[in-house]
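Following: one structure in structure tokens, then a few remarks.
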Amino acid sequence: MNYRLLKQDINLKPFMTMPPQFNRKTIVMRTDKVYKCEIINIVELTGLEKLFHLKILDPVEREIFSFRPGQFIMLEVPGFGEVPISVSSSSNNREFIELCIRKSGRTTNMLHRAKKGAKVGIRGPFGTSFPMEEMAGNNVLLIAGGLGLAPLRAPLYWVIERRDEYRDVAVLYGTKEPEQMLFTYQYEEWEKVNHVKLLTIVEKADKDWKGRTGLITELFEEINIDPDNTYVIVCGPPVMFKFVCNHLDSLGIPMNRMFVSLERRMHCGMGKCCRCMVGSTFTCVDGPVFDYWSVLNLQEAI
Amino acid sequence: MKYLGIETEKVRIGVFDFTGCEGCELQLANKEGTLVSFLDLLEVVNFREISSERGDNYDVALVEGAISRDNEIERLKQIREKAKVLVAIGSCACFGGVNYLKNRFSMENVVNEVYGEHKVETRRVQSIGEVVKVDLEIPGCPVSKEEVERIVVDLVTGADIKFPKYPVCIECRQKLNTCVFDLGKICLGPITRAGCGAVCPSSKVGCLGCRGPAEDANYDSFRQIALDHGFTAPRIEEKLKFFNALGAALQK
Amino acid sequence: MKVDMNINVHHLTRVEGHGDIHIKVKKGELVESRWAVVETPRFFEAMLRGISHDMAPVLTSRICGICSISHTLTSLRAVEKAMRIEVPETARLLRLLAKHGETLQSHILHLLFLAAPDFFGTGSVIPLIKSRPEVVVLALRLKGLGNDICDLIAGRTTHPVSLVVGGVSKAPSREQLETLKETIGERIQDIRAVVGLFQTLSMPDFVRETEFVSLKGSNRYPWIGGELVSTDGVVKAEDDYLAMTNEYKEDFTTSKFAKLSRESFAVGALARFNNNYNFLHEKAKEAARIFGLTPVNHNPFMNNIAQIVECYHVMLESIDIIDRVLEDGCPESICAGYEVKAGEAIGAVEAPRGILYHHYDIDENGIITKADCVIPTTQNNANIHHDLAELVKQQIMLGKSDEDVTRLSEMLVRAYDPCISCSVH
Amino acid sequence: MIYKVITKSEFKKFINGLIKENQTFGPRQVDEDINGKPIYQFREVHSFDEMDLDYTVTYSSVKNFFLPFREILSRYTFQGDDWEQSLEYRVNPRVIVGLRPCDINGLAILDKIFIKGAFPSPYYLARRNNTFLIGMDHEPLEDCFCESLNHHVVRHGFNLFCSDLGDRYYLSIDSSKAFNFLKNVETTEPTKKDNEKFIARKNFIERSFKTRVEVTGLPSFLDIEFKSPIWKKWGDKCLNCGTCAMVCPTCYCYGIEESIDVSLKTSRKERFQYSCNIVDFAEVAGGHNFRPLREDRLKYRFYHHYRGFAENAEEPICVGCNRCGRACLAGINPRDVINDLRLESKDELPAT
């Protein structure tokens, strides 16, 4: 007779040897395994932000990876850390993903020094997404402040690629200063080719700025909003979306048709570490996309 | 290492000491298991305690000790001019350290006590930061080699340098130590910045706060707790002021 | 014959602290030779005033970054003598073990990191990593062992934490001690290799007769407490240290000087060896004989060799100490309780660089009212100073160049393994 | 569940058998506090006699056997401008003896989060699957309040559970492994009398609780009291030192950090146990802190513990062991804080 405990090795289970599929949340996977990517292009947007094009190297992993607008990935820079970044590209693009990244911390500072051809890792996608199908047949209003345009780019691509399915599409975009405007090289295409109404505004103009000056809510005066047929997505700092959503509420748009993307510190992306908790809710699993009604019901969200 | 397309370069360092015991410098030669790799990250341009090489072309100056003489101020200013990054290492450099205990008395009194009739020049002790601009402070009496290694790796790779903001208690509990207060001794762990691996409480000796205050340290509550445990106010103050690391924060 | 010479070494390298060498020779005559300590005084005696007795060991350990365990133990001895505290035997043994760890790491640091580059013609140990890797490996392993001993017993090597008034605050476990003993056993071959290495190097041939002062062993090689003795036959009680040190002040140096029967005396490994040869472990004596080192030896460069002999000795003695602690069964409580009382006492301990004294007056509240510390390097300074003059005179006679004299003078000072910040505590 | 009865001498034989073959941990006295009270921790043991099975309570919980305070999640090896990732979930089997019902219930709560929730953790699972747990009942201490949370009894989550019947143990066997191991020693089927004694013992323990915390309706109550001034009162005392979270059997909030080794050849990605009480827990990269005040952070821990989060079906995750209360230097404990909140809300009610 024996008292020896035999080692139970979970490595031997078949799903532990396959590439992890992050859209299946309930099986034990190698959730810390990253998909290795190559930075195939770097676009300098502003002094602080760069757009990175990442191509997943392994063809099987590239095949598995798909995301919905609003979802984020965890971007791993081996040795320096991992950060949550919302995907800025079209979900139809299966060749590479685009990430717009601001330099603000250990990991992103390193990333900004990286050269084309460098290899980084991603895990994901994680989190909830915008209800794009539900919005079909309606007007779509996208409102962004500052870096908030980055997560709005994915739903915008979605709408543009299915332009017939949506009615009026408008983007309201405001920043503090003109030089902080992101993706300016695309504005003309959005307006002329894709029939998107684009209004921009800055809080503080410089000598070259010829557009509007003021707060983002001033843009509301320039568009007609039909409260019964409009879906809104708002991205930006909490003060901004609180202000904007209250205004939309006064126009009669139901709160469950306004969507925001919350930003919190995340360490795991998988509903474990609790760093991203808002009240009793995980931003990473139950968010980052919430309708405004849910946000109002979260303790300490705004 | 040529990672992310970034070529890493050795850090050219100079190591300098002022009023102190040189124990922190000595830590640089410790942790023998990784010492060869550690030295490989550096180009030692000037390090009097272990090397006869004396150059001026250093990027990073590690400065140990406090300032307590006029000629030290001059030497420090020269180093500041040459160094791109000036790092204060150890509690003496960061806060004045135990040397600050001298400042309780008049300098005349101090000189008389030790040298009698012989006049020796000395001045009130100052930390490095009180004399020149300091770019980075690595606290500890002595500094922890693990932390120094981590920081040097960050310097070489060009990554942002981070220190723990939490107090020693976390590290102490993680070692499954018995709380030093439960053993009937006073411990500054709850208000002191972690990063030392709770070395003192792990030996059942109270923390003396050599690493300076943890972020948002709750002094009022701590004082009350120490009084409630039966320690007298002078005894508590003696501990709080020992390295001048918390003392500096208390005065602010 | 070389006529004029002007040597100024500002901030001598590869020693602890700041010291300068000045030599001036005119027309073949030595005009001036000086060993000047320019280290900043820290006034520890003043700092100690008004400090609680149990903080004195913590404070004084900060006198030195290399021999902080010695300072702690000296301070503890003074406090415990003043308050008549009986330290449990196991705690005594563990303290001695920590002491041996310090001696080993300090001696190895000096021999292989600081002094060895002189013999291999490099500026520091760093080039040796590539050119003489076998030497560096020895250095790292033995110094690592010394540090491991200190870390285990004292909590850490620099500024120990678990050596407290009454005993030791935390005892190592049986398993830890058994592992340590095994490791020391394995490293004996490394110290043999160091002996082998130094056999290939030649110590400069220089003799200047002097007096050697150390603790006096009664039944074993002395480290902590006991009578004071000199090779000139002086024997004094521990409490009578002032009559042994006779400190005085010279203008050109911030450190004090000291003398006994002659113009200067020496302390340190060679002094301990000269006074206590009989108590050395047989194997250590054997190592000494290989180098022709016998008592009383008057070549200061042989202090290096005496250090090797002591390393051998402390490693072997450490194994004996661990055996005794294990026999005692690792008792739980190794820290005596005590009542605070007034008192005055002197503690004397053999630090790696020589005999160290702390003298405290403590009031009835346990507060230090007066303190005096006499550091080994302070006692050696005058001897270094006079050796320097003699060495330069001999070198001029041999017609040596400036470079040679400079190099040899530096080596001479290093041979004393001075701890300068200590000496200007 | 299968029940058996074993004499204490046979039990000792059984445990020594396990110790001989497996790495084993059990309650050991590690210190004595200033008042002469023994302090226990789960430590490695090499024989039955090293354990103190009549111990009161361990200072820290067993949590760190499953969620180590620091754990490597993956390693990267660098070569040129490329790297390779490696992951490892292998752990050696071990035995832990002497867990109290609240300890086991704490693990059951962690199971919900780390195995049954979204993205089950392979690291936790490997440790859980490879640990053989032997539980033991005990008489509650003055300040235990596990009964208030219904965690004084345990129904699953262990391999073997022992109820003390004086000279014998009444064994609840919840795994085939335990059942097979017990074939090595002599056990008997429980008699009717054994069953009666077993029930009497349970009732006796239940009656012995001296501390009660009213937890009915606590989740919604905490939502309502989110802005209560009581939090400032306790927040002012709080040292934000994280001690409570470290000793707690269920606090699992963590952080992840990466570091490159001195050789620059490899790096580690590590998970480290953290606490929502710590100043930078909710700080984001730009420097903004979502919980800047001590009271915000203290409140948050209570909110998590007694309201529960979505991952855990919004149930309290506290098991009532009061380790946090005992360890807190500032004297903050769940009973007093919750009572304070309840009293305060009573005061606010209009007089009827």
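Just so we're clear, the structure is a prediction, and the values are computed from it rather than from any experiment. To find a chain, count down the sequence lines: A is the first, B the second, and so on, and within it residues start at 1. All values below come from the heavy atoms of this structure, side chains included, with hydrogens, waters and symmetry mates left out.
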A side-chain contact here means heavy atoms from C-beta on lying under 4.5 Å apart; do Phe44(C) and Val98(B) qualify?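 Phe44(C) reaches Val98(B) side chain to side chain.
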Under a 3.5 Å distance rule, please check whether [X] uses its side chain to pair with a backbone N or O of [Y] as donor and acceptor.
X: Arg156(C); Y: Cys200(B); answer: no
X: Arg62(C); Y: Cys141(B); answer: yes
X: Lys170(C); Y: Val205(B); answer: no

Side chain, backbone, both or neither of Glu238(B) within contact of chain C (heavy atoms, under 4.5 Å):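 For Glu238(B), the side chain is the part near chain C, not the backbone.
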Let's go through Asn99(B) and Phe43(C) carefully: what are the C-alpha distance in whole Å and the side-chain angles of both, what is the deciding distance for side-chain contact (heavy atoms from CB on, under 4.5 Å) to 0.1 Å, and is it a yes or a no? CA-CA 8 Å; Asn99(B) 300 300; Phe43(C) 300 94; over 6 Å; no
Separation between [atom1] of [X] and [atom2] of [Y], rounded to the nearest 0.5 Å:
X: Glu32(B); Y: Gln105(C); atom1: CD; atom2: CD; value: 8.5 Å
X: Phe47(B); Y: Thr13(C); atom1: CZ; atom2: OG1; value: 11.5 Å
X: Arg104(B); Y: Met47(C); atom1: CZ; atom2: CE; value: 9.0 Å
X: Glu25(B); Y: Thr158(C); atom1: CD; atom2: OG1; value: 11.5 Å
X: Arg42(C); Y: Phe18(B); atom1: CZ; atom2: CZ; value: 14.5 Å

SB check Lys185(B) Asp54(C) (cutoff 4.0 Å):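 Looking at Asp54(C) together with Lys185(B), the answer is no, because their closest N to O distance does not fall below 4.0 Å.
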